[in-house]
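Accompanying notes for the structure given below.
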Amino acid sequence: MQIEAVKGDITLLHVDAIVNAANQALAGGGGVDGAIHRAAGAAELHKACAKIGHCDPGDAVATPGFKLSAKWIIHTVGPVWHGGGHNEAAILASCYRKSIEVADRLQARVVAFPAISTGVYGFPQDQAAHIAVDTLRSIDSSTVERSILVAFDDSTFSLYNALLSS
Ligand code: ADP
């Protein structure tokens with residue numbers, strides 16, 4: 001699987017699936033979650049999420065992309081940062097792994113990820129970037145040909161580029 005970084009708004013990408021940094025209730029919220037709900041069509045996406053009802057931290061579920069160019073939205077719930085001693089790293093790694101598993105089942109070939117947990121959930125950006133790159137690199141068999149790490153800010157974009165060139 002090829003891994004690359006881009007800077008920008010994940011809702012605008014022409015990919016098979018975008019990953020959402022959702023909350024456990026799949027209720028929509030701020031940050032990238034809010035942007036995805038607005039761009040996909042809040043009413044329809046809300047209904048699809050309500051049907052699923054819940055997602056545990058580290059797990060992932062899928063809905064259609066509705067008005068997005070992306071056919072699918074893979075909702076994963078990142079860990080809330082509580083200082084690092086509460087399994088945060090393992091849960092974040094699981095978000096990337098489970099999202100790729102869901103993408104495999106959907107036969108998605110190109111998947112875009114936001115920097116899960118690095119917004120209101122408070123996960124340190126550099127550690128999160130390492131986990132994103134290391135976890136995706138560790139997946140050796142997948143129908144996903146390309147994973148795109150989408151940075152919304154310059155510092156995240158620099159971190160991804162440094163890690164991907166090493
Ligand atoms: P979390 O609750 O998992 O921390 P946030 O949405 O608060 O999720 O933030 C996760 C990351 O998504 C942050 O780095 C934030 O800057 C980024 N982000 C916010 N909006 C967008 C967007 N439209 N496209 C891509 N990334 C975004």
Side-chain angles (χ1 to χ4, degrees), residues 3-42 44-46 49 52 54-63 65-100 102-103 108 110-136 146-164:
I3 306 166
E4 65 189 66
V6 304
K7 203 188 140 198
D9 179 351
I10 199 168
T11 64
L12 302 177
L13 296 187
H14 299 281
V15 293
D16 299 312
I18 66 169
V19 175
N20 181 21
N23 52 52
Q24 287 189 63
L26 301 174
V32 72
D33 195 4
I36 289 172
H37 274 257
R38 283 190 296 277
E44 272 185 311
L45 181 54
H46 201 269
C49 286
I52 299 168
H54 178 87
C55 183
D56 285 327
D59 209 350
V61 297
T63 65
F66 298 107
K67 294 194 182 78
L68 294 176
S69 164
K71 189 167 179 199
W72 303 103
I73 302 166
I74 298 172
H75 306 263
T76 189
V77 180
V80 177
W81 181 257
H82 288 298
H86 294 80
N87 225 20
E88 293 95 330
I91 296 168
L92 186 60
S94 176
C95 289
Y96 286 91
R97 258 196 317 274
K98 288 284 172 78
S99 294
I100 293 289
V102 170
V110 184
V111 180
F113 288 87
I116 301 162
S117 282
T118 66
V120 292
Y121 280 10
F123 208 113
Q125 275 186 359
D126 54 341
Q127 289 182 51
H130 269 95
I131 291 167
V133 171
D134 289 351
T135 306
L136 292 173
R146 196 148 63 94
S147 281
I148 303 173
L149 294 168
V150 183
F152 203 53
D153 53 73
D154 288 325
S155 58
T156 303
F157 190 50
S158 303
L159 282 165
Y160 285 152
N161 283 323
L163 289 165
L164 290 172

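For reference, positions follow the sequence shown, starting with 1. Start at 1 and go down the list; that is how both ligands and their atoms are numbered. In this text the structure is predicted, and so the values were computed from the model without any measurement.
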Give the minimum heavy-atom separation between Tyr96 and Pro114, together with the two atoms involved. OH-O, 3.5 Å
Backbone or side-chain N or O of Asp9 under 3.5 Å from ligand 1 N or O: yes
Atom 3 (O) of ligand 1: nearest protein contact (heavy atom, Å): Ser117 N, 2.8 Å
Identity and distance of the protein heavy atom lying nearest atom 27 (C) of ligand 1: Phe152 CG, 3.4 Å
What pair of heavy atoms forms the shortest contact from Ala21 to Val32, and how long is it? CB-CG1, 3.7 Å
Sub-4.0 Å heavy-atom approach of Thr156 to ligand 1: no
Could you find the nearest protein heavy atom to atom 10 (C) of ligand 1 and give me its residue, atom name and distance? Ala115 O, 3.3 Å
Looking only at heavy atoms, the pair that brings Ser99 and Phe113 closest together is CB-CE2, 3.6 Å
Could you tell me whether the side chain of Trp72 reaches within less than 4.5 Å of the side chain of Val102, counting heavy atoms only? no
Of all the heavy atoms in Gly78, does at least one lie under 4.0 Å from an atom in ligand 1? no
Distance filter under 4.0 Å to Gly8 heavy atoms, resulting ligand 1 atoms: 24 (N), 25 (C)
Determine whether any heavy atom of Gly34 lies closer than 4.0 Å to an atom of ligand 1. no
If you scan protein heavy atoms around atom 7 (O) of ligand 1, the nearest is Val120 N, 2.9 Å
Polar side-chain atom of Asp16 near backbone of Val110 as donor-acceptor pair, under 3.5 Å: yes
Can you pull out the closest protein heavy atom to atom 12 (O) of ligand 1? Residue, atom name and distance to 0.1 Å, please. Val32 CB, 3.9 Å
Quick one: does Gly119 get an N or O within less than 3.5 Å of an N or O on ligand 1? yes
Side-chain touch Ile148/Glu4, heavy atoms, less than 4.5 angstrom: yes
At what distance is the nearest protein heavy atom to atom 24 (N) of ligand 1, and which residue and atom is it? Ile10 N, 3.0 Å
Taking every non-hydrogen atom, the tightest pair across Ala108 and Val111: CB-CG2, 4.2 Å
Atoms of ligand 1 less than 4.0 Å from Ala35 heavy atoms? 23 (N)
Atom 14 (O) of ligand 1 [closest protein heavy-atom partner, distance rounded to 0.1 Å]: Thr118 OG1, 2.9 Å
So, do Pro57 and Pro79 sit near enough that their side-chain heavy atoms are less than 4.5 Å apart? no
With sequence neighbours excluded, tell me which residues meet ring pair (Phe, Tyr, Trp, His ring centres under 6.0 Å) with His82. His86
What residue and heavy atom of the protein are closest to atom 8 (O) of ligand 1, and at what distance? Ala21 CB, 3.9 Å
Report yes if the side chains of Cys49 and His37 come closer than 4.5 Å at any heavy-atom pair, otherwise no. yes
